[in-house]
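Here the structure is a predicted model, which means the values were calculated and not measured.
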Amino acid sequence: MLGGLAVSDLGGRADADTGAEANRAGVVAFHGRHQAGIATPVQDRLLFGAFDVLPGVKRADLVALLKDWTGISATFASGSEIGRNDVPPAPPDDTGEALGLPASRLTITFGFGPTLFTQDGADRFGIARARPGALIDLPPFDHDNLDPSLSGGDIGVQVCADDPQVTFHALRNLTRRGKGVVGLRWSQLGFGRTSSTSRSQGTPRNLMGFKDGTNNVHGDDSHTMDDQVWVGSGDSPAWMRGGSYLVARRIRMRIESWDRDFLEDQENVIGRLKATGAPLGQRHEFAKADLTAKQGDGTPVIPEDAHIRLAAPAANDGAKLLRRGYSFTDGVDPRTAGLDAGLFFLAYQRDPRRQFVPIQRRLASQDALNEYIEHTSSAIFAVPPGTSRGGWIGQTLFT
């Protein structure tokens, strides 16, 4: 059984909508109708962890862990340490590397993968019938080169903050408290956000040097969030209402090849000007892309295989994704002796079956960008709604 404090003992902030801006102390409220870290303005740093529940673990122990994780996450989000750290000779409850650091807009967001519900046909924790229809096993896509050891997972934990040591501290302590119940399957560090989820944020650039996320969904756009991101009041299953679905993809960029390409070719691949971010044929970043415009010879101003054309809502029955991606670099790829760097893609949506999957199928089969990228890991998670003080993440599922 897990040791530790009950959820109510670990406190937290007053309930608040997680889409709100952080307050002056750099604190994003953990509690609320939705989990923090979705509508929250994107922070500068990421540490994502995917956990597997260990063989033989019982439902009661998993529930106890979720309660414990909820409590310590609320405490970390408030900028506080957990437990008692002055009782020698026992090890301190908190590992201590974030002592004296501000909360740094820390958010910790939890999701449940398909294998938590069923694995090899087994109903592991009595929740198989509660698996959402939208929590699909992602189909294979053209050009995928997925590493199974860096894909999937029973529980996904997205940790974001403006200080990398704060993100590390949070995931380290969650991993430590989960010993004997879960094991870390894979993790990914991210730096430099590649999208904006607030109008107060400028558009960042990805490692290809282009502005990324110009037309991303904004967390304060309640109409679009309700239509495209949040599981609605009429959606099934009921336990997911107020939640969302997360797709995570590690996308390696062949940046050496990209860097040798001419500027005009790069811009035609993306469909935007590199300097300003404006769609081809326009002067300003936020100008609407004209997908019908033709050049003098009758060819499209924005090529047929340009990334922004194929990803546009107009080309995908109006489907949009809320993206919270980050750049990454993981040393040298031994296959090519080039940098192992690229985009860790995170996208929230109401239903992957009508959003991510059709969009990615179109991109995988037609996008000119495929010459320069390779998808190396993939995961999907059902992200349950948030919780009020005294509640716990996953309570709507397990009770």
Side-chain angles (χ1 to χ4, degrees), residues 19 37-43 192-230 244-249 251 253 266-293 300-327 342-352 354-364 366-370 372-373:
I38 304 174
T40 308
V42 184
Q43 304 94 317
R193 61 182 177 84
T194 60
S195 59
S196 301
T197 57
S198 169
R199 292 180 177 86
S200 65
Q201 296 178 306
T203 308
R205 292 184 184 270
N206 59 33
L207 295 186
M208 288 180 163
F210 277 76
K211 290 194 172 187
D212 203 337
T214 295
N215 292 324
N216 196 25
V217 175
H218 289 147
D220 57 359
D221 181 353
S222 59
H223 174 76
T224 303
M225 291 293 292
D226 287 342
D227 184 58
Q228 300 283 337
V229 179
W230 303 129
S244 189
Y245 293 92
L246 170 63
V247 172
R249 305 272 287 183
I251 306 172
M253 296 176 177
Q266 291 183 355
E267 292 177 337
N268 283 331
V269 166
I270 301 299
R272 292 186 179 275
L273 298 175
K274 194 168 190 177
T276 65
L280 296 182
Q282 305 293 338
R283 297 179 60 187
H284 304 292
E285 177 188 351
F286 295 100
K288 184 178 180 180
D290 187 350
L291 302 180
T292 65
V301 172
I302 299 176
E304 295 288 353
D305 58 358
H307 182 74
I308 70 165
R309 175 187 288 274
L310 296 171
N316 295 283
D317 296 323
K320 299 180 181 180
L321 303 169
L322 186 151
R323 289 173 288 143
R324 293 184 62 95
Y326 287 83
S327 296
L343 168 68
F344 190 63
F345 173 89
L346 296 166
Y348 287 90
Q349 62 227 273
R350 186 173 178 176
D351 190 334
R354 66 175 181 84
Q355 292 170 272
F356 174 78
V357 170
I359 293 172
Q360 182 57 30
R361 277 185 173 145
R362 181 183 296 271
L363 292 172
Q366 303 175 43
D367 194 352
L369 191 58
N370 290 325
Y372 305 97
I373 62 174

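Looking at Arg249, its side chain never comes within 3.5 Å of a backbone N or O of Ala347 through a donor-acceptor pair. Counting only distance, with no hydrogens or angles, the side chain of Asp317 and the backbone of Pro313 share no donor-acceptor pair below 3.5 Å. At least one donor-acceptor pair under 3.5 Å links the side chain of Arg362 to the backbone N or O of Ala315. Counting only distance, with no hydrogens or angles, the side chain of Gln355 and the backbone of Lys320 share a donor-acceptor pair below 3.5 Å. With hydrogens and angles ignored, the 3.5 Å screen pairs a side-chain donor or acceptor of Arg324 with a backbone N or O of Ile38. Of the possible polar contacts, one joining the Asn316 side chain to the Leu310 backbone as a donor-acceptor pair under 3.5 Å is found. At least one donor-acceptor pair under 3.5 Å links the side chain of Ser195 to the backbone N or O of Arg323. With hydrogens and angles disregarded, no donor-acceptor distance shorter than 3.5 Å links the side chain of Asp226 to the backbone of His223. A donor-acceptor pair is defined here as one N or O able to donate and one able to accept, closer than 3.5 Å; no such pair exists between the side chain of Glu304 and the backbone of Pro300. Checking side-chain atoms of Asn206 against main-chain N and O of Asp212 turns up no donor-acceptor pair under 3.5 Å.
Two residues are said to be in side-chain contact when any heavy atoms from C-beta on lie closer than 4.5 Å; Lys211 and Glu285 meet this criterion. Leu369 has its side chain within reach of Ile270: a pair of non-hydrogen atoms, C-beta onward, lies under 4.5 Å apart. The closest side-chain heavy-atom distance from Gln266 to Arg272 is not below 4.5 Å.
Annotation for Arg361: atom CZ does not count as buried by contact number, only 12 or fewer foreign heavy atoms lying within 6.0 Å.
Ala278 and Arg283 get closest at one heavy-atom pair: CB-C, 3.6 Å. Annotation for Val269 and Asp367: closest pair O-OD1, 4.4 Å, computed over non-hydrogen atoms.
No side-chain donor from either of Gln228 and Gln349 sits under 3.5 Å from a side-chain acceptor of the other. For the residue pair Arg309 and Gln366, no side-chain donor N or O sits within less than 3.5 Å of a side-chain acceptor on the partner.
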